[in-house]
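Here's the structure we're looking at; comments come further down.
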Protein chains: 2
Amino acid sequence: MSTISDSLTILISTMKVQSIIARRFDRLSVHGLGFSDFIILNLLDNAPVEKMRRIDLAEKIGLTASGVTRLLLPMEKTGFVTRESNQRDARVSYVVITAAGKKIFEEARQTAELIAKELLPSVKAKDLKILSETLFALGGNAY
Amino acid sequence: MSTISDSLTILISTMKVQSIIARRFDRLSVHGLGFSDFIILNLLDNAPVEKMRRIDLAEKIGLTASGVTRLLLPMEKTGFVTRESNQRDARVSYVVITAAGKKIFEEARQTAELIAKELLPSVKAKDLKILSETLFALGGNAY
DNA sequence: GCGATATAATTGATAACTCAAGTATATGTC
DNA sequence: GACATATACTTGAGTTATCAATTATATCGC
């Protein structure tokens, strides 16, 4: 038995915590959304022009471009997002949130906030700040 | 545009950070191990009797029992772990780390520690402790 | 000791990704 | 302005997980 470092322990622990978080957010399925769908809608809703390039979505959410393409396919079909081309660069296809997308996001957001409260009830504000900063240093988004 | 809470932001950020961590640990493939394989070997190496029930591995790593069964199949074939039955409870099949498993774990551990240092170079010792405790509150393991 | 219920593990079908390769377009260099 | 290189996105094949159902065994209440 050889003990691993605190740093490595924290990284492994993060992996487990992620699986716990992901499972809790399965409840978003009552809105017909996966957690990744919800995160995408949040990014779009907060984007200055309510549209983003697929590649930027991928970078922000921590998926590959391929993963984003596949994630968006059903969302386009359902009508939560649509495509928009870029006049100056024909390679780009923007992802635009629709009115239906905004509506479902607003509903899902209520559920998501409830889940967040359930998950982080006892964590002190100060500790949350440290967690937040560390996550940011590790590449997490600041929003 | 409606702003989400700090708590929710942190949970989403954790998801992204997890994807960054997982990608870095892809490097463990030089040892023929996935990150999950490595975590399993670490759990077994640290277990008091160097064996664990599948269900306990699942709980500790944050997977389902099904996921553990499928994860262990190739590791059994390669000979990093073996099975052992429980005399008192025939439902249980223990997972036991082999000498080969210990050897590869020891090698992979060096790589893993390097990656951990690369990922968390600047995080202060005090923050690491708080971080560790926060993750534990969220269901992370203490080890 | 028997039936109801709970637990440990596995399996079939499926979901949500990844990587590598391919297509289309843009940009830089000479 | 042609050619090499880079970028945005998609697609085929494979991986790694999930859930629901199944099998086998154990435990509880009577």
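Labels below follow one simple rule: chain letters A, B, ... track the order of the sequence lines, proteins then strands, and each chain is numbered from 1.
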Task: Between dC17(C) (P) and D26(B) (CG): distance, integer Å - done: 16 Å

- [ ] Could you tell me whether the phosphate oxygens of dC9(D), OP1 or OP2, come under 4.0 Å of any side-chain nitrogen or oxygen in T69(A)?
- [x] no

Task: Contact under 4.0 Å: S66(B) side-chain N or O vs dC19(D) OP1/OP2 - done: no

TODO: Determine, step by step, whether K102(B) and E106(B) satisfy the salt bridge (Lys or Arg N to Asp or Glu O under 4.0 Å) criterion, reporting the C-alpha distance in whole Å, the side-chain angles of both residues, the deciding distance to 0.1 Å, and the verdict.
DONE: CA-CA 6 Å; K102(B) 281 188 207 174; E106(B) 204 49 48; over 6 Å; no

Task: Spacing of L63(B) atom CG relative to dT18(D) atom C1', expressed in whole Å - done: 10 Å

Task: Listed nucleotide nearest any side-chain atom of A90(B), set dT25(D), dC19(D), dT18(C) - done: dT25(D)

Open item on the list: Expressed as a whole number of angstroms, how long is the span from Y94(B):OH to dT25(D):P?
Closed with: 17 Å

Open item on the list: I want to check something: taking the side chain as every heavy atom from C-beta on, are T9(A) and S132(B) in contact at a cut-off of under 4.5 Å?
Closed with: no

Task: Options dT18(C), dT18(D), dT10(C), nucleotide nearest the side-chain atoms of S93(B) - done: dT10(C)

Open item on the list: Under 3.5 Å, is there any donor-acceptor pair linking the side chain of R70(B) to the base of dT18(D)?
Closed with: yes

Task: 5' precedence on DNA chain C between A65(B) and R88(A) (nearest-nucleotide basis) - done: A65(B)

Task: Rounded interatomic separation in angstrom, taking CE from M75(B) and C1' from dT16(D) - done: 14 Å

TODO: Identify whether the distance between the nearest side-chain nitrogen and carboxylate oxygen of E113(A) and K117(A) falls below 4.0 Å.
DONE: no

Task: Distance, rounded to the nearest Å, where L33(A) contributes CG and dA15(C) contributes C1' - done: 16 Å

Task: Nucleotide dT18(D), atom C1' - distance to CZ of F35(A) in whole Å - done: 17 Å

Task: Selection from dC19(C), dC19(D), dT10(D) that lies nearest to any side-chain heavy atom of R54(A) - done: dT10(D)

Task: Pair of N/O donor and acceptor under 3.5 Å linking dT7(C) base with R91(B) side chain - done: yes

- [ ] Could you tell me whether the phosphate oxygens of dA17(D), OP1 or OP2, come under 4.0 Å of any side-chain nitrogen or oxygen in T64(B)?
- [x] no

Task: Phosphate contact (dT10(D) OP1 or OP2) by R83(A) side-chain N/O below 4.0 Å - done: yes

- [ ] Round to a whole Å and report the spacing from CG of L57(B) to C1' of dA9(C).
- [x] 13 Å

Open item on the list: What is the distance, to the nearest angstrom, from the CG atom on L72(A) to the P atom on dA8(D)?
Closed with: 16 Å

- [ ] Pick base, sugar-phosphate or nothing for D56(A), based on heavy-atom distances below 4.0 Å to the nucleic acid.
- [x] nothing

TODO: Taking only Lys NZ, Arg NE, NH1 and NH2, and the carboxylate oxygens of Asp or Glu, determine whether E107(B) and K103(B) approach each other closer than 4.0 Å.
DONE: yes

Task: Option passing side-chain contact (heavy atoms from CB on, under 4.5 Å) with Y94(B) (candidates D56(B), V81(B), N86(B)) - done: N86(B)

- [ ] Identify which nucleotide among dA8(C), dT18(C), dA17(D) has an atom closest to any side-chain atom of R53(B), counting heavy atoms from C-beta outward.
- [x] dA8(C)

